[in-house]
Structure formats: C-alpha cells, structure tokens
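Following: one structure in structure tokens, then a few remarks.
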Amino acid sequence: GILATRCLTSRIRILPLDEIRPHEENDPHILLTITNSLMTEGVLHDPILVDSENNVILDGTHRYWALTRLGCRAVPVALYDYSLPEVSIGCWYRCLSRTPSIGWANLMNTPPGTMDEGLRAVTRREGLLSILYRDRSFTIASKNFDIFEAYRLLSFFESAMRGQDSGLSFATERDALERLRQGEVEAVLAPPPIKKSEVVQAARARQLFPIKSTRHVIRSRPIGINVPLDWLMDRVESLAQKMEAMLSSGTFTALPRGTIINGRRYEEEIYIFEPSSFGGGYQGGSKGESKVPRSSKGTIGKTRARRIH
C-alpha cells in the first residue's frame with residue numbers, strides 16, 4: 001500500500017504551464033465548455049498526463065488550452081516515461097451511423113477491397129485513410145506516406161461528414177470495428193496509427209494533429225486530485241507546497257481496468273484520491289459513501305476497490 005502510494009505521488013509534479021506541449025489542436029466548442037466549467041466550479045479536476053522527457057501532453061489537451069486562456073501559470077501533471085511499454089498509443093476511429101451518397105470509388109485511388117484489406121492498408125501505412133463497410137472498403141493510397149497528410153485528410157472528411165447528418169462519433173479501434181460488425185454503424189473512417197516519435201515531433205514543431213488523433217493507454221492513472229483554480233495562478237513553488245500538503249493528507253482507492261465512470265471505460269487501473277479534512281480536494285459523498293471525483297460523478301461499473309493508505 002505504502003509503495004503504491006509513493007509511486008503515485010512521485011509521478012505528480014507541478015510544472016510551469018508554458019513548459020508543457022500539446023500535440024493536438026483544440027475544438028473551439030469543447031474548449032469553451034471546459035473554460036466555462038473551470039470558471040464556474042473554480043476547480044481543475046485531475047492532473048494532466050505528460051511525457052517526462054519532452055513535456056508532451058498525453059491526455060488533457062483541452063484542459064491545457066483552457067488554463068492557458070485563463071492565464072494560469074502552473075499546472076499539476078502526472079509524469080510518464082513515454083519510452084517505456086507502460087505507455088501505449090492507439091487512435092480514434094470515426095463511426096458513421098449514416099454515410100451520404102458519395103462516390104467513394106471516385107474519391108479513393110485504389111480499387112474497392114474487403115473490410116480487412118482496407119484495415120490492413122492503413123495499419124501497414126500503405127494507405128492514408130480507409131472507409132470501412134462490413135462488405136467492402138475504399139482506401140486512399142500514397143507512395144510517399146506522410147502521417148500529417150493522412151490526418152489532414154481525415155480532418156477534411158470528418159468536417160464533410162459533420163455537415164451531412166452522418167451521426168459521426170468516436171470509438172477505439174476495437175469498439176469501432178465491433179460496432180461495424182454488429183451493424184450498429186454503417187461505416188468507419190480508419191486512419192493509420194500514429195507513432196510515439198511523431199507525437200513528439202508534432203509537439204516540438206507545433207505541427208499539431210487534429211483533435212482525437214491519438215489515444216494513450218497507460219498502466220495506471222490518478223484521478224480525483226482536484227485543485228482550486230486560484231492556486232494555478234500562483235508560482236510553481238507555492239503550488240508545489242500546497243499540493244504536497246494535500247496529497248499527504250489523503251488516500252488512494254484503486255479500481256481495476258475496465259472500470260466505467262460516467263460512461264467512460266478506463267483501459268488502465270485508476271486510483272481515486274480521497275482527501276481527508278484538508279481543504280484542497282473534493283470532499284463530496286456522505287459518510288461511508290464511495291467518493292467519486294466531481295468530474296466523474298455518475299455511473300460506476302461493477303468493480304472491486306481496494307484502498308491504499
């Protein structure tokens with residue numbers, strides 16, 4: 001228990017906000033919602049996940065942009081060694097409930113194939129983008145593969161689909177293909193996977209990918225570390241002292257992979273921070289009730305928790 005707590009708290013650091021680097025753009029509507037939420041609640045929910053070597057944001061892009069807009073100076077982050085297998089990278093597929101009457105064969109530059117062939121083309125980086133149906137696929141191939149070109153193309157098609165009442169939604173690779181096979185969606189837009197080195201390149205060069213391009217899966221994630229917004233306006237040293245006092249006052253409750261909180265299924269083990277009487281974190285929940293982070297309050301899947309002191 002003590003070792004697990006030390007591992008968690010050792011990940012958490014305070015960094016100057018201008019030293020962490022996004023690798024994805026932001027959606028203006030999502031950014032406005034998050035900015036308004038931060039201003040209304042006055043609390044930042046959960047640390048931003050960051051690569052310890054390059055300060056690249058792995059999860060929390062829109063919170064970063066919102067904090068920047070609000071003029072914050074410092075931010076709590078959870079650091080991960082991006083070079084290790086404990087951090088894996090996937091992508092988000094675009095699910096289409098309906099596809100408009102578009103001549104895909106005229107737009108794509110390869111003959112139609114099977115669903116598996118279209119999937120293989122993007123996985124092997126033989127194609128920039130595939131649209132998958134249950135019984136066929138269409139792919140745009142390129143002799144000189146460029147991951148940034150692939151995602152510009154994805155962004156173009158995504159924008160076009162949004163204007164065509166397509167019922168577009170995001171899903172993991174596995175979930176999207178399962179929904180397609182089950183007939184829950186008509187088609188899936190499948191981009192090629194992005195490599196870790198390309199994430200770092202995008203952040204360093206500020207050549208940002210579109211939103212929902214990458215999906216980072218980590219071994220464990222701390223949540224429920226809720227920090228008053230006015231703390232983030234202060235110097236890094238001041239915030240670090242307050243964070244240290246807050247973390248040392250509470251405990252973490254571990255929940256296994258697959259836990260569902262507020263409709264989100266976590267692919268990693270999660271550790272919910274429960275502060276004691278310290279004034280920093282979320283104090284919700286009645287006596288004997290499991291405390292769920294305010295940002296995640298809602299349905300919790302059937303899980304078995306263990307408390308780490």
Output for pair (Leu70 CG, Ile34 CD1), nearest 0.5 Å, gives 11.0 Å

Practice task
Could you walk me through whether Val87 and Asp81 pass the side-chain contact (heavy atoms from CB on, under 4.5 Å) test, one step at a time?
Solution key: CA-CA 7 Å; Val87 182; Asp81 188 338; over 6 Å; no

>> Run the side-chain hydrogen bond (donor to acceptor under 3.5 Å, both in side chains) test on Gln241 and Glu237 for me, step by step, so that the C-alpha distance in whole Å, both residues' side-chain angles and the decisive distance to 0.1 Å come before the verdict.
In response: CA-CA 6 Å; Gln241 292 173 359; Glu237 295 79 11; over 6 Å; no

Original post:
How about Arg219: does its CZ atom have over 12 heavy atoms from other parts shown lying under 6.0 Å from it?
Top reply: no

Exercise for review: Take atom CD of Glu53 as the centre, draw a 6.0 Å sphere, and report whether it contains more than 12 heavy atoms from other residues, nucleotides or ligands.
Suggested key: no

query = Regarding Asp116 and Thr114, is there a side-chain donor-to-acceptor distance under 3.5 Å anywhere?
reply = no

query = Judged by atom type as modelled, is there a donor-acceptor pair below 3.5 Å linking the side chain of Arg94 to the main-chain atoms of Trp92?
reply = yes

Check your understanding: Ignoring hydrogens and geometry, is there a side-chain-to-backbone donor-acceptor pair from Ser52 to Tyr80 under 3.5 Å?
Key -> yes

Ring centers of His62, His29 separated by less than 6.0 Å: no

task = Assess whether atom CZ of Phe156 is packed by more than 12 heavy atoms of other residues, nucleotides or ligands within 6.0 Å.
result = no

Side-chain heavy atoms under 4.5 angstrom apart, residues restricted to Ile, Leu, Val, Met, Phe, Trp, Tyr: same cluster for Val50 and Ile14? yes

Between Ile272 and Tyr266, is there a shared hydrophobic cluster once you connect ILVMFWY residues whose side-chain heavy atoms come closer than 4.5 Å?
yes

key: pair Thr253-Tyr271: side-chain heavy atoms closer than 4.5 Å   = no

Notebook entry, point to check: Just by modelled atom types, is the Tyr151 backbone N or O under 3.5 Å from a matching donor or acceptor in the Ser155 side chain?
Noted result: no

When every non-hydrogen atom of Leu229 is compared with those of Leu38, the smallest separation belongs to CD2-O, 3.7 Å

- Thr214 and Glu24: side-chain donor and acceptor closer than 3.5 Å? yes

Check: Asn226 and Asp46 side chains under 4.5 Å, non-hydrogen atoms
yes

Heavy-atom side-chain contact between Trp231 and Ser238 under 4.5 Å: no

Please examine the side chains of Thr61 and Ile211, heavy atoms only from C-beta on, and report whether any two atoms are closer than 4.5 Å. no

Margin query: Could you go through Val75 and Leu44, starting from their C-alpha distance and side-chain angles, then the distance that decides it, and tell me whether this counts as side-chain contact (heavy atoms from CB on, under 4.5 Å)?
Written below: CA-CA 9 Å; Val75 62; Leu44 173 70; 4.3 Å; yes

- Message: Pairing donors with acceptors under 3.5 angstrom, does anything connect the side chains of Arg21 and Asn54?
- Response: no

Note to self: Is it true that Thr99 and Glu186 share a donor-acceptor pair across their side chains at a distance under 3.5 Å?
What the structure shows: yes

Practice item. Report yes or no: does Ser213 contribute a side-chain atom to a donor-acceptor pair with the main-chain N or O of Phe209 at less than 3.5 Å? Key: no

Quiz item: Can you get from Leu177 to Val122 by hopping between Ile, Leu, Val, Met, Phe, Trp and Tyr side chains that sit under 4.5 Å apart?
Solution: no

To the nearest 0.5 Å, atom CD1 of Ile131 lies from atom CZ of Arg136 at 8.5 Å

Inset, instruction - Start with the C-alpha gap between Lys212 and Glu158, add the side-chain angles, then the distance that decides, and say whether salt bridge (Lys or Arg N to Asp or Glu O under 4.0 Å) holds. - result: CA-CA 11 Å; Lys212 287 286 191 180; Glu158 183 180 334; over 6 Å; no

Rounding to 0.5 Å, atoms OG1 (Thr35) and CD1 (Ile30) come to a distance of 11.5 Å

Open item on the list: Taking His45's backbone N and O only, do any of them form a donor-acceptor pair with Arg63's side chain (distance below 3.5 Å, no angle check)?
Closed with: yes

Would you check if the side chain of Thr40 reaches a backbone N or O of Ser37 as a donor-acceptor pair within less than 3.5 Å? no

I'd like to check Ile225 versus Met243 (side-chain heavy atoms, cut-off strictly below 4.5 Å). Are they in contact? yes

Heavy-atom nearest pair, Pro192 first then Leu128, reads CD-O, 3.1 Å

Heavy-atom side-chain proximity of Val56 to Tyr82 below 4.5 angstrom = no

CZ of Phe252 to CD of Glu274, rounded to nearest 0.5 Å, is 10.0 Å

Leu17 vs Arg73 side-chain heavy atoms within contact, under 4.5 Å:
no

Heavy-atom closest pair (Leu239 atom, Val227 atom, distance to 0.1 Å) is CD1-CG1, 4.1 Å

_Can a donor-acceptor pair be found, under 3.5 Å and without considering hydrogens, that links the side chain of Ser248 to the backbone of Glu244?_
yes

Between Arg221 and the options Glu267, Glu269, Glu268, the side-chain hydrogen bond (donor to acceptor under 3.5 Å, both in side chains) test singles out Glu268

For Thr139 and Ser130, the nearest pair of non-hydrogen atoms, with its separation, is OG1-OG, 2.7 Å

When rounded to the nearest 0.5 Å, the distance separating CD of Glu198 from CD of Gln207 is 10.5 Å

> Are Ile140 and Met115 joined in one hydrophobic group, where the rule is that I, L, V, M, F, W and Y side chains link up if heavy atoms are under 4.5 Å apart?
Replying inline: no

*Between His216 and Ser88: side-chain donor-acceptor atoms closer than 3.5 Å*: no

Worksheet entry | Main-chain N/O of Cys91 paired to Glu173 side chain as donor or acceptor, under 3.5 Å | yes

Are Phe170 and Val188 connected, step by step, through hydrophobic side chains (Ile, Leu, Val, Met, Phe, Trp, Tyr) whose heavy atoms are closer than 4.5 Å?
no

Ala176 and Cys95 have their tightest heavy-atom pair at CB-SG, 3.7 Å

Interatomic distance, CZ@Arg134 vs CG@Leu180, rounded to 0.5 Å, equals 6.0 Å

_Main-chain N/O of Pro193 paired with Arg125 side-chain donor or acceptor, under 3.5 Å_ = yes

Inset, instruction - Would you mind reporting whether Ile57 and Leu49 have side-chain heavy atoms less than 4.5 Å apart? - result: no

side-chain contact (heavy atoms from CB on, under 4.5 Å) between Tyr93 and Thr172: does it pass, once the steps are laid out?
CA-CA 6 Å; Tyr93 283 178; Thr172 67; over 6 Å; no

### Message
Looking at Asp175 and Ala171, would you say the former's side chain and the latter's main chain have a donor-acceptor pair under 3.5 Å?
### Response
no

**Request:** Before giving the answer on side-chain contact (heavy atoms from CB on, under 4.5 Å), spell out for Ile261 and Thr259 the whole-Å C-alpha distance, their side-chain angles and the decisive distance to 0.1 Å.
**Result:** CA-CA 6 Å; Ile261 298 180; Thr259 296; 3.9 Å; yes

Closest non-hydrogen atoms of Leu132 and Leu119, given as atom of the first, atom of the second and distance, are CD2-N, 3.7 Å

